[in-house]
> 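Let me begin by handing over the structure; questions about it come next.
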Amino acid sequence: MPAATSASRRDTTRLRWRVEDYDLDATLGCGQAFRWRRGAASWTGVVSGRWVRLRKEKHTLHAETATPHADWRWLAEYLQVDSDLAAILNTFPDDAPLRAAVAACRGLRLLRQEPWECLASFILSSTKQITQIRQIVELVCQRFGEPLPVPPVSAPAFSFPSPDRIARLSESELRACKMGFRAPHLLAAAGAVAEGRLDLQSLQTLPLPEAKERLMKLEGVGPKIADCVLLFACGFGQAFPVDVWVERALSKLYFRRRKATPRELREFAASHFGPNAGYAQQYLFHFIRTHGAQKLSG
DNA sequence: CTCCAGGCGCCTT
DNA sequence: AAGGCGCATGGA
């Protein structure tokens, strides 16, 4: 098979990128994605139905897969290795809270996630701690995902179940994954995507308000979860998810510790942070959760 | 034990 | 528009 031979010559299970300002721990651990597990010196996860191990070394990001690939664009896109973080940070307003957040979290990147996994995960996120979201997502994948090839000695890995797969499950099968009242929401969303009533791929081509409106037609998807999908999966850099942490951060840092109203928060977020408001949001979110205990309580 | 978690939907003011 | 409440489940 000569054709296959010439094609497979470039196939490899390892690749590396030269990167500046790429903090793998912050990026994979900040709560934007839920399937990454930190090992001694590397992170293991699943991207586009493929087992992946990542390791950062000085200015090099090392990737390893279980099966060979000639085309690695799926992972480069997910990791956003080609985005210019310095240019993004330069669009932030020059104020004290963001200076502190960038000083503490520089290298945190927004990933470009798969829309269905992102939507499903954030449907499961409401009033759950990040550790619990990870557990629920992991259970769903173990029970209903497809087993994936992994390297020798590695733990089993599973794909994130497709909309069709989840749409065929019963509500009680989902509730058994500890997702509680979110089970019917996930089931309905899976049905909408599986039957083509919601086209997730087309959202990125729409104006942000219309894309958000379509997501919010789903039961259990309000403005916050919609913004997460728009920002983390659809590439809308101005989407600005406001959860309890961001609400606290904005109130304390920009409203002189006064509890700002939802309207005030919306208008401030839309006017203050610029074209990469969503990036700024993630820096504030991660900063307040990791370094913010003292800054917040004082 | 209590409090709260990357919310939402519905109700009342 | 804003505030209150119930919703499942389990960390802290």
Side-chain angles (χ1 to χ4, degrees), chain A residues 26-36 101 105 108-111 113 115 117-140 143 169-189 192 198 212-234 236 239-253 255 258-270 273 277-293 296-297:
Chain A
T27 299
L28 302 181
C30 74
Q32 60 178 320
F34 302 104
R35 298 207 60 197
W36 291 97
C105 313
L108 168 63
R109 304 292 191 114
L110 288 187
L111 300 167
Q113 300 184 46
E117 178 175 337
C118 186
L119 171 61
S121 298
F122 278 97
I123 284 175
L124 300 176
S125 76
S126 71
T127 35
K128 277 293 177 192
Q129 296 177 353
I130 289 176
T131 55
Q132 292 179 293
I133 302 166
R134 289 202 180 97
Q135 291 170 7
I136 296 169
V137 168
E138 193 55 33
L139 265 179
V140 169
R143 294 187 180 178
L169 297 172
S170 69
E171 182 178 320
S172 61
E173 285 175 293
L174 290 174
R175 280 186 184 261
C177 298
K178 309 184 178 188
M179 64 182 73
F181 62 85
R182 304 156 195 83
H185 301 160
L186 180 60
L187 199 51
L198 175 63
K212 187 167 177 175
E213 197 174 308
R214 292 200 185 181
L215 285 168
M216 287 176 60
K217 283 180 183 165
L218 297 169
E219 307 164 45
V221 177
K224 189 272 174 182
I225 291 174
D227 277 334
C228 285
V229 176
L230 295 174
L231 178 64
F232 298 142
C234 301
F236 286 98
F240 195 95
V242 177
D243 71 325
V244 290
W245 289 97
V246 173
E247 178 183 357
R248 282 178 208 152
L250 294 181
S251 292
K252 296 279 185 180
L253 299 171
F255 288 84
R258 174 174 63 80
K259 184 172 162 59
T261 67
R263 181 189 181 85
E264 285 177 314
L265 290 175
R266 278 199 308 275
E267 293 181 349
F268 180 76
F273 293 105
Y279 239 104
Q281 175 275 157
Q282 198 60 20
Y283 269 78
L284 291 171
F285 175 79
H286 191 56
F287 176 57
I288 216 77
R289 283 174 42 82
T290 53
H291 302 72
L296 266 185
S297 59

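Atom set for the values below is all heavy atoms of this structure, side chains included, hydrogens, waters and symmetry mates excluded. This one's a predicted model, so the numbers in the text were calculated from it and none came from an experiment. In what follows, chains are A, B, ... by sequence order, proteins preceding strands, each numbered from 1.
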> Reading nucleotides 1-13 of chain B 5' to 3', which nucleotides get B (base under 4.0 Å from a protein heavy atom), which S (sugar-phosphate only), which -?
----BBBSS----
> Spell out, as yes or no, whether a donor-acceptor pair under 3.5 Å connects the side chain of Gln281(A) to the backbone of Val242(A).
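Checking the backbone N and O of Val242(A) against the side chain of Gln281(A), no donor-acceptor pair under 3.5 Å is found.
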> Holding to side chain to side chain donor-acceptor pair (under 3.5 Å), I want the full list of residues that pass it with Ser170(A), two or more places apart in sequence or in another chain.
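Here the qualifying residues are Ser172(A), Glu173(A).
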> Taking the P atom in each of dG6(B) and dC5(C), what is the distance between them to the nearest angstrom?
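It comes out at 22 Å once rounded to the nearest Å.
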> Using salt bridge (Lys or Arg N to Asp or Glu O under 4.0 Å) as the criterion, list what pairs up with Glu138(A), not counting sequence neighbours.
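Checked Glu138(A) against salt bridge (Lys or Arg N to Asp or Glu O under 4.0 Å); zero matches.
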> Among residues at least two apart in sequence or on other chains, which ones pass salt bridge (Lys or Arg N to Asp or Glu O under 4.0 Å) with Arg175(A)?
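Testing Arg175(A) for salt bridge (Lys or Arg N to Asp or Glu O under 4.0 Å), a comparison that skips the adjacent residues, returns Glu171(A).
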> State, with a plain yes or no, whether a side-chain heavy atom of Tyr279(A) is found less than 4.5 Å away from one of Arg109(A).
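The answer is yes; the side chains approach within 4.5 Å.
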> For a quick test of your reading: what N or O donor-acceptor pairs under 3.5 Å do the side chains of residues 212-234 of chain A make, sequence neighbours left out?
unit_1, atom_1, unit_2, atom_2, d
Lys212(A), NZ, Asp227(A), OD1, 3.3
Lys212(A), NZ, Asp227(A), OD2, 3.1
Arg214(A), NH2, Glu210(A), OE2, 3.1

> In chain order, what residues pass the salt bridge (Lys or Arg N to Asp or Glu O under 4.0 Å) check against Glu267(A), with sequence neighbours excluded?
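Here the qualifying residues are Arg263(A).
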> Going by heavy atoms closer than 4.0 Å, what residues in residues 171-179 of chain A are next to DNA chain C?
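Of all residues in residues 171-179 of chain A, the ones placing a heavy atom under 4.0 Å from DNA chain C are Arg175(A), Lys178(A).
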> Just by modelled atom types, is the Ala176(A) backbone N or O under 3.5 Å from a matching donor or acceptor in the Arg143(A) side chain?
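Yes, the answer is positive, given that a donor and an acceptor are paired below the 3.5 Å cut-off.
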> As a check on the pairing definition, encode DNA chain B in dot-bracket form, counting Watson-Crick and G-U wobble pairs whose two distances are under 3.5 Å, and using | for partners outside this strand.
.||||.|||||||
> Go through the structure and list residues passing side chain to side chain donor-acceptor pair (under 3.5 Å) with Gln135(A), not counting sequence neighbours.
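Here no residue qualifies.
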> Check whether any side-chain heavy atom of Ile288(A) lies under 4.5 Å from a side-chain heavy atom of Arg248(A), and answer yes or no.
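No; the side chains remain at least 4.5 Å from each other.
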> Test of understanding: with side chain to side chain donor-acceptor pair (under 3.5 Å), list the residues that count as partners of Thr131(A), not counting sequence neighbours.
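For Thr131(A), no residue satisfies side chain to side chain donor-acceptor pair (under 3.5 Å) once neighbours in sequence are set aside.
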> Mind listing the N/O atom pairs, protein and nucleotides 3-5 of chain C, below 3.5 Å?
none

> State which residues pass ring-ring contact (aromatic ring centres under 6.0 Å, His included) with Phe268(A); sequence neighbours excluded, sorted by chain then number.
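Only Tyr254(A), Phe255(A), His272(A), Phe273(A) meet the ring-ring contact (aromatic ring centres under 6.0 Å, His included) criterion with Phe268(A).
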